[in-house]
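Keep in mind it's a predicted model, so treat the numbers as computed, not measured.
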Amino acid sequence: MSRVLLRGVRPYGEGEPVDVLVVDGTIAEVGAAPGTEADEVVAGGGAVLLPGFVDLHTHLREPGREDAETIRTGSAAAALGGYTTVFAMANTDPVADNAVVVEHVWRRGREVGLVDVHPVGAVTVGLGGERLAELGGMAASAAGVRVFSDDGRCVDDPLLMRRALEYTKAFGGVVAQHAEDPRLTAGAQAHEGPTAAKLGLAGWPAPAEESIVARDCLLAAHTGGSLHVCHVSTAGTADILRWWKARDAGGAVSAEVTPHHLLLTDERLATYDPVNKVNPPLRTDADAAALRQALAEGTVDCVATDHAPHADQHKDCEWSAASPGMLGLQTALGIVVRTMVRPGLLDWRGVARVMSERPARIAGLADQGRPIAAGEPANLVLVDPDDEWTVRAAELASIGSNSPYEGMRLPGRVLVTLLRGRITAHEGEVRF
Ligand SMILES: NC(=O)N[C@@H](CC(=O)O)C(=O)O
């Protein structure tokens with residue numbers, strides 16, 4: 001029998017500190033537990049206890065790009081960031097578009113054992129956008145895939161998108177769309193606006209995202225399927241989602257926003273440093289403010305990192321040749337605290353909602369994003385809300401070092417992460 005005692009912690013940052021006893025992976029008691037024996041006692045010091053975070057959008061790069069990240073290093077970054085579950089995107093090499101590849105990713109995640117790694121299945125064969133992949137085969141595999149996405153590419157053919165929504169509905173799946181009309185973004189390098197014009201970079205216009213989101217909402221309603229909108233980046237997309245959700249038109253539509261789109265804007269592009277290159281691109285102050293508001297009110301359901309590690313040679317080059325993407329797993333909480341908690345847009349219950357509960361429900365997970373209560377699985381993260389730390393990309397667990405937050409002070413430090421009662425990260429150290 002394994003017993004872990006978290007002494008003096010505040011679930012959801014509320015009330016007086018309590019003790020939380022975890023026995024064999026399950027929360028056994030929440031309350032005062034004086035004199036309780038345990039294999040390991042964590043001195044909580046009044047820190048905030050939350051359900052472990054769930055990331056619907058992670059690039060782990062394995063198989064194929066192990067020079068940027070592996071399932072082992074990405075899992076370590078996740079545990080250190082407070083995550084107990086990540087969804088590994090399908091744009092690997094080979095593409096995760098069949099049962100063999102998704103089972104490999106799933107098994108490797110289990111072997112590493114730091115977080116639950118759920119492979120995302122590709123919607124189309126080879127992310128080619130022409131033929132549906134064997135969605136049912138991936139769903140029926142040992143990996144039990146429920147989330148499907150061509151992320152990195154848009155399923156721009158409306159008929160294929162319709163079929164994907166219809167087909168996944170049969171087994172409770174969700175289609176996570178990278179909303180980008182490719183005809184409107186050919187050659188795009190930056191958000192289309194004054195900054196891109198000044199810097200001479202080809203623009204990525206907001207309607208390229210918004211038109212696909214509007215279309216897909218209509219298709220979700222028509223088919224009764226489940227649509228999840230990846231990395232919402234514009235105020236206009238938030239408006240469409242707000243209008244759509246108010247209509248309650250059928251189907252299920254959910255959406256995520258990344259930490260970087262909550263905080264960073266295209267003003268950072270002036271240095272031409274490709275660390276700021278990401279897809280969808282950093283947009284304007286007004287967009288970021290609208291996204292923070294949309295997340296606070298629930299129009300955008302959750303935060304997802306879009307953790308996108310790249311090997312140095314794909315970032316240490318000129319802007320146009322650089323790969324888009326940023327590290328995100330270890331900095332997500334800090335950015336959410338900075339942009340949402342400190343300004344009063346979210347309390348800690350809200351953080352639990354957007355980083356754990358909603359993403360778990362969207363993906364249909366039964367054992368994650370659960371209440372902190374006796375009898376529940378002990379997937380938990382303990383956060384010091386006041387402590388600040390300085391981001392040093394070289395010290396992050398990922399192989400790639402493409403963090404746009406280098407040198408930034410971030411509030412909210414992860415003290416301990418527990419996966420089914422096992423401590424996976426402790427004071428910045430991973431426990432493999
Ligand atoms: N989000 C990113 O900027 N990059 C993603 C894929 C993509 O969406 O382009 C990646 O896989 O690197």
Side-chain angles (χ1 to χ4, degrees), residues 1-7 9-14 18-31 33 36-42 44 47-56 58 71 75-76 78-88 106-107 109-119 142-147 172 301-304 329 332-333 348-383 414-426 430-432:
M1 204 156 74
S2 92
R3 297 163 72 90
V4 178
L5 181 62
L6 309 175
R7 251 205 209 293
V9 298
R10 297 167 63 233
Y12 309 102
E14 294 166 0
V18 295
D19 299 336
V20 173
L21 178 66
V22 173
V23 179
D24 287 340
T26 301
I27 300 173
E29 254 179 81
V30 179
T36 303
E37 299 275 313
D39 305 309
E40 180 148 12
V41 178
V42 173
V48 176
L49 187 67
L50 300 173
F53 303 144
V54 175
D55 190 14
L56 289 178
T58 311
I71 292 171
S75 294
L80 290 167
Y83 287 88
T84 49
T85 300
V86 299
F87 283 77
W106 180 74
R107 286 223 166 80
R110 300 246 305 192
E111 277 163 24
V112 173
L114 292 175
V115 289
D116 286 345
V117 175
H118 292 282
V145 178
R146 288 292 173 276
V147 181
D301 299 75
C302 63
V303 171
L329 285 167
L333 173 70
W348 290 102
R349 283 251 169 211
V351 174
R353 185 182 79 237
V354 302
M355 294 189 72
S356 179
E357 293 160 6
R358 284 296 298 144
R361 296 298 85 77
I362 289 164
L365 300 178
D367 59 341
Q368 296 281 346
R370 301 287 309 163
I372 300 171
E376 296 288 352
N379 298 312
L380 298 165
V381 54
L382 187 62
V383 176
V414 171
L415 299 175
V416 174
T417 311
L418 293 105
L419 177 66
R420 287 182 282 282
R422 186 174 94 73
I423 295 179
T424 53
H426 184 269
V430 184
R431 292 193 188 169
F432 283 104

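By the side-chain hydrogen bond (donor to acceptor under 3.5 Å, both in side chains) test, Thr424 is found to be paired with no residue, residues two or more places apart in sequence or in another chain being considered. For Arg110, the side-chain hydrogen bond (donor to acceptor under 3.5 Å, both in side chains) criterion is met by no residue, not counting sequence neighbours.
The shortest heavy-atom contact between Ala363 and Val147 is CB-CG2, 4.0 Å. For the pair Gly82 and Thr417, the tightest heavy-atom approach, listed with the atom from each and the gap, is CA-OG1, 3.5 Å. Between Ala47 and Val383, the shortest heavy-atom contact is CB-O, 3.3 Å. Nearest approach of Val115 to Ala78, heavy atoms of both residues: CG1-CB, 3.8 Å. Closest approach of Met355 and Ala332 over heavy atoms only: CE-CB, 4.2 Å. Minimum heavy-atom separation, Pro119 to Ala143: CG-CB, 3.7 Å.
Using a 4.5 Å cut-off on side-chain heavy atoms (C-beta onward), Ile362 and Cys302 make contact. Contact check for Ser2 versus Val23: no side-chain heavy atoms found under the 4.5 Å cut-off. The shortest side-chain heavy-atom distance between Pro51 and Asn379 does not fall under the 4.5 Å cut-off. Inter-residue side-chain proximity for Leu418 and Val4 is flagged as met; some heavy-atom pair is nearer than 4.5 Å. A heavy-atom distance below 4.5 Å is found between the side chains of Leu329 and Val86. Side-chain contact between Arg370 and Glu357 is absent, with no heavy-atom pair separated by less than 4.5 Å. The side-chain heavy atoms of Val381 and Phe53, taken from C-beta on, include a pair separated by under 4.5 Å. Looking at heavy atoms from C-beta onward, Leu365 lies in side-chain contact with Phe87 at the 4.5 angstrom threshold.
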**OP:** Using the side-chain contact (heavy atoms from CB on, under 4.5 Å) rule, take Leu50 and Trp348 through it: C-alpha gap first, then chi angles, then the decisive distance, then the call.
**Re:** CA-CA 8 Å; Leu50 300 173; Trp348 290 102; 3.8 Å; yes
Original post:
How far apart are the C-alpha atoms of Glu14 and Arg349, what are their side-chain angles, what is the distance that settles it, and do they pass the salt bridge (charged side-chain N to carboxylate O under 4.0 Å, His left out) test?
Top reply: CA-CA 9 Å; Glu14 294 166 0; Arg349 283 251 169 211; 2.9 Å; yes
**OP:** Apply salt bridge (charged side-chain N to carboxylate O under 4.0 Å, His left out) to the pair Arg420 and Asp24, showing each step before the final yes or no.
**Re:** CA-CA 8 Å; Arg420 287 182 282 282; Asp24 287 340; over 6 Å; no
**OP:** List the steps and the verdict of side-chain contact (heavy atoms from CB on, under 4.5 Å) for Val48 and Tyr12.
**Re:** CA-CA 6 Å; Val48 176; Tyr12 309 102; 5.9 Å; no
Original post:
Is there a salt bridge (charged side-chain N to carboxylate O under 4.0 Å, His left out) between Asp19 and Arg7 once you walk through the steps?
Top reply: CA-CA 4 Å; Asp19 299 336; Arg7 251 205 209 293; 2.9 Å; yes
Subject >> Residue pair Leu415, Val42: steps toward the side-chain contact (heavy atoms from CB on, under 4.5 Å) verdict >> reply: CA-CA 9 Å; Leu415 299 175; Val42 173; over 6 Å; no
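When each of Ile423, Val416, Val20 is tested with Leu382 by the rule side-chain contact (heavy atoms from CB on, under 4.5 Å), just one qualifies, namely Val416. With Ser75 as reference, Val117 is the one residue of Val117, Val430, Thr58 to meet the side-chain contact (heavy atoms from CB on, under 4.5 Å) rule.
With salt bridges taken as basic N to acidic carboxylate O contacts below 4.0 Å, one links Arg358 and Asp301.
Arg3 contributes no side-chain N or O that, together with a main-chain N or O of Val22, makes up a donor-acceptor pair within less than 3.5 Å.
Here Leu419 contributes atom CG and Thr85 contributes atom OG1; the two are 7.0 Å apart, rounded to the nearest 0.5 Å. The distance from atom CG of Leu56 to atom NE2 of His118, rounded to the nearest 0.5 Å, is 10.0 Å. Put simply, OH on Tyr83 and CG on Asp116 are 14.5 Å apart, with the number rounded to the nearest 0.5 Å. Atoms CH2 and CD, on Trp106 and Glu111 in that order, are 10.5 Å from each other to the nearest 0.5 Å. One finds the CG atom of Leu114 at 12.0 Å from the CD1 atom of Ile71 (value rounded to the nearest 0.5 Å).
A donor atom on one side chain and an acceptor atom on the other are not found under 3.5 Å apart for Gln368 and Ser356.
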